[in-house]
There are 2 protein chains.
Amino acid sequence: MKIVALAGGIGGARFLRGLRSAHPAAEITVIGNTGDDISLFGLRVCPDLDTVMYTLGGGINEDQGWGRADETFTVKEELGAYGVGPNWFGLGDRDFATHIVRTQMLAAGYELSAVTEALCDRWKPGVRLIPMTNDQVETHVVIEDEQGRRAIHFQEWWVRLRASVPALSIAAVGAEDSAPAPGVLEAIEAADVVVLPPSNPVVSIGTILSVPGIRDAIAAKTVVGVSPIIGTAPVRGMADACLTAIGVETSAQAVAELYGPDLLDGWLVAETDANVHVKDIEVRSRPLLMSDPDATAALAHAAVDLALELKETQ
Amino acid sequence: MKIVALAGGIGGARFLRGLRSAHPAAEITVIGNTGDDISLFGLRVCPDLDTVMYTLGGGINEDQGWGRADETFTVKEELGAYGVGPNWFGLGDRDFATHIVRTQMLAAGYELSAVTEALCDRWKPGVRLIPMTNDQVETHVVIEDEQGRRAIHFQEWWVRLRASVPALSIAAVGAEDSAPAPGVLEAIEAADVVVLPPSNPVVSIGTILSVPGIRDAIAAKTVVGVSPIIGTAPVRGMADACLTAIGVETSAQAVAELYGPDLLDGWLVAETDANVHVKDIEVRSRPLLMSDPDATAALAHAAVDLALELKETQ
C-alpha cells in the first residue's frame with residue numbers, strides 16, 4: 001500500500017510515527033511544510049522537516065516535541081555573548097549541525113529535496129520525506145502593535161510572541177510562484193490513500209496545499225483527515241490563533257468545511273464532536289488524543305481504514 | 001609609544017601577551033596572518049586571528065594554546081554522524097559560534113578587518129588586531145605521496161598530516177594580488193618600533209610580509225625580531241619543516257639571514273646561540289623560552305628595549 005501524508009511539525013510527526021507503526025509494510029511518503037523555514041545566523045533552518053525527521057528517526061526531544069534529545073546550547077550562548085541574535089529561537093548544538101550541513105549543501109547547489117534526502121540517510125525515518133517545494137515560501141503574519149501594522153516572519157509571531165498578538169492575516173509569501181518539489185505530485189498520483197494528520201490547518205496543511213498543483217492532485221485521491229480541534233480548542237499548539245486570523249471558527253466542523261468536500265472524503269473527529277456534519281464528507285468519531293504509541297497507531301489505523309473503505313465505494 | 005607586531009598563532013599570541021604586559025600603556029597594533037584561513041563546513045575559520053584574540057582576551061585553552069577553554073565538541077560529533085568532514089580539524093562548539101558570526105558578517109558584505117574588529121568588541125584583547133589583508137590569501141603546500149605530486153591547503157599539511165610528508169614548496173596563493181587591510185600601512189608608518197614575535201618565519205611572518213607593501217613599510221622602521229629557533233630546533237611547533245621546504249637551515253642565524261638586514265635591525269637569540277652573526281643586524285642573546293608570564297614579558301621588554309636603543313642610533 002502506498003500512503004501519502006502531509007505534515008507540519010510536532011502533531012504531524014507524532015501522528016506519522018503512529019502511521020508507520022500501524023502500517024509497517026506501507027510505502028509512506030510525507031510531504032513536509034517548509035513555510036516555517038527561516039534563516040538564522042546565516043543558516044537555513046527547516047523546523048517542520050527536522051521535527052518529522054528527528055521524531056521518526058529517534059532523535060527527538062520527546063518532552064518538548066521539537067529539537068534534539070540530550071541537547072546542549074553552547075553555540076547559542078556564545079552567539080549571545082557576541083551580541084548576535086535572535087535569542088528567542090532555541091537552536092541547540094546538535095541541531096546546529098543539521099543546519100550547517102543543510103546550508104552547506106544548499107550553497108553547493110543542491111535542492112532542498114536532495115538535502116532532505118541526504119539528512120534522512122542518517123536518520124532513516126522509515127518514510128520518504130519530501131519538502132512541499134524547493135522554492136522559498138515563507139509564512140508571514142500581519143500584526144499591529146505599538147510599532148504599527150507590519151508583517152513579521154511566522155516564527156517571530158509563533159515562537160517569540162507565542163501568538164499573543166492577534167494575527168490580522170497570514171500569507172504564504174512566494175507560494176503562488178512555487179512548484180511542488182520533484183516527487184511530490186508523482187507520490188500523490190501513485191498513492192492509494194492520502195492522510196491529513198492533525199497538523200495546523202492554516203500554517204501547516206494549508207501552506208502545503210497553497211503550492212500550485214498539490215491541492216488538485218490530492219483532491220483527485222481518497223483523502224481522510226484527522227481533526228486538529230476537539231470541541232473549541234486545538235488538540236495541541238495554537239491553531240486557534242491561526243484559524244481566527246483567517247476568519248474560521250475553531251471547531252472540527254469549521255476545519256472540515258475549510259478543507260471542503262472537494263478535498264476531503266473522510267474526517268475523524270473526537271467522540272465529543274460526533275455531531276459534526278458536512279455534506280459529502282464521511283465523519284467518524286474516534287479518540288483523537290495521541291497519548292501513547294498505541295493510541296496514536298490506532299488513530300492512524302482508523303484514518304487509513306476509513307480511506308480504504310471510502311475508496312471502495314468511489 | 002606605538003608598537004606594531006606581526007603575529008601568527010600560538011607562539012605569536014603568547015609573545016603578544018608578554019608585550020602587552022611589558023608595555024601596558026603602549027598602543028599595540030597586531031597584524032595577523034590570514035594565510036592559514038580555511039573554509040570548513042561553509043564557515044570561514046581564521047585560526048591565527050582567533051588564537052591571538054582568544055589568548056589576549058582570556059578565552060584560550062591554555063594547555064593546547066589554540067581553541068577555547070572549557071570547550072565541547074557536540075557540533076563536530078554531529079557533523080561526523082552525518083558523514084560530513086573533515087574530522088581532523090578540531091572545531092569546538094564555542095569556537096563554532098565565532099565562525100558563524102564571522103561567516104554571517106562576511107556574507108552581509110563586511111570586510112574581514114571589520115569582522116575582526118566586531119569580534120574583538122567582545123574579547124577586548126587590549127591591542128588593535130588587524131588581518132594582514134581583506135583579500136583571500138591561502139597558503140598551499142606542494143607534497144608528493146602515493147597520490148602523486150599535488151598542492152594541498154596548509155591546514156591539511158599542518159593539522160591532518162602533522163607536516164610528516166615533506167613540503168616540496170610552500171606558496172601564499174593570492175598574495176601577489178592582495179592589498180594590506182585598511183589601517184595596516186598606517187599603523188606601521190605611525191609605529192615607533194616594529195616587533196617580530198617568534199612566529200613561524202615562513203608561513204606566519206613570511207606570509208604577512210608577502211602582502212605587497214607590508215615588507216617595504218616595515219623595512220623603513222626599526223625592527224627587532226625574536227628567533228623562533230633555538231639551536232637547530234623550533235622553540236615550539238614545526239617551523240623546521242617549513243624552513244626545509246624553502247631551502248633554509250633551521251637555525252637562528254639562517255632565519256635572521258632570511259629576514260635580512262634590510263628588514264631586521266635587531267635579533268634576539270637564545271643564550272646558546274650567542275655566536276650568531278649577521279652583518280648589519282644587532283644580535284643579542286636572551287632567554288627565549290616563554291615558560292611563564294614573567295619570562296614572556298621580560299623577553300618582549302628586551303625586544304622593545306633593543307628596538308628603542310637601535311632607533312636612537314639610526
Side-chain angles (χ1 to χ4, degrees), chain A residues 38-45 50 53-54 57-61 67-87 89 91-110 114-125, chain B residues 38-45 50 53-54 57-61 67-87 89 91-110 114-125:
Chain A
I38 187 167
S39 290
L40 293 168
F41 313 110
L43 300 172
R44 194 67 185 159
V45 180
D50 288 349
M53 184 172 78
Y54 293 158
I60 199 78
N61 179 321
R68 295 286 309 278
D70 302 319
E71 189 57 289
T72 51
F73 292 87
T74 306
V75 176
K76 182 171 184 277
E77 284 162 21
E78 286 290 323
L79 290 168
Y82 279 115
V84 172
N87 62 7
F89 202 91
L91 293 182
D93 298 329
R94 292 180 191 278
D95 204 22
F96 256 112
T98 301
H99 311 315
I100 288 172
V101 174
R102 175 183 293 120
T103 303
Q104 196 177 6
M105 286 191 72
L106 289 171
Y110 289 94
V115 174
T116 304
E117 198 178 331
L119 294 171
C120 285
D121 268 353
R122 170 183 176 193
W123 290 103
K124 305 198 187 323
Chain B
I38 187 167
S39 290
L40 293 167
F41 312 111
L43 301 172
R44 193 68 185 158
V45 180
D50 288 350
M53 183 173 79
Y54 294 158
I60 200 78
N61 179 322
R68 294 286 309 278
D70 302 319
E71 189 56 291
T72 51
F73 291 86
T74 307
V75 176
K76 181 171 185 276
E77 284 161 22
E78 286 290 322
L79 290 168
Y82 279 115
V84 171
N87 62 8
F89 202 91
L91 294 182
D93 298 329
R94 293 180 191 277
D95 203 23
F96 256 112
T98 301
H99 312 314
I100 289 171
V101 174
R102 175 184 294 121
T103 303
Q104 196 177 4
M105 286 191 71
L106 289 171
Y110 291 93
V115 174
T116 304
E117 197 178 332
L119 294 172
C120 285
D121 269 352
R122 170 182 176 194
W123 290 102
K124 308 201 188 315

Q | Approximate separation, where rounding is to 0.5 Å, of A:L43 CG and B:L43 CG | A | 7.0 Å
Q. When only pairs under 4.5 Å are counted, which of B:T98, B:D95, B:T103 shares the most heavy-atom pairs with chain A?
A. B:T98
Q) Does any heavy atom of chain A fall under 4.5 Å from the side chain of B:E78, the backbone, both, or neither of them? A) both
Q: May I ask you to check whether over 12 heavy atoms, not counting those of B:Y110, lie within 6.0 Å of atom OH?
A: no
Q) What option among B:M105, B:E77, B:K76, B:R94 has the most heavy-atom pairs under 4.5 Å with chain A? A) B:R94
Q: Mark yes when over 12 heavy atoms from residues, nucleotides or ligands other than A:E71 sit less than 6.0 Å from its CD; otherwise mark no.
A: yes
**Q.** Shortest non-hydrogen contact from A:M53 toward B:Y82
**A.** CE-OH, 3.9 Å
Q) Using non-hydrogen atoms only, which part of B:T72 is less than 4.5 Å away from chain A: side chain, backbone, both, or neither? A) side chain
Q) Between B:R122 and A:A81, what is the shortest heavy-atom contact and its length? A) CZ-CB, 3.3 Å
Q. Any idea which heavy atoms bring B:A97 and A:V75 closest together, and the distance?
A. CB-O, 3.8 Å
(Q) On a heavy-atom basis, which atom in A:I100 and which in B:F96 lie closest, and how many Å separate them? (A) CD1-CE2, 3.8 Å
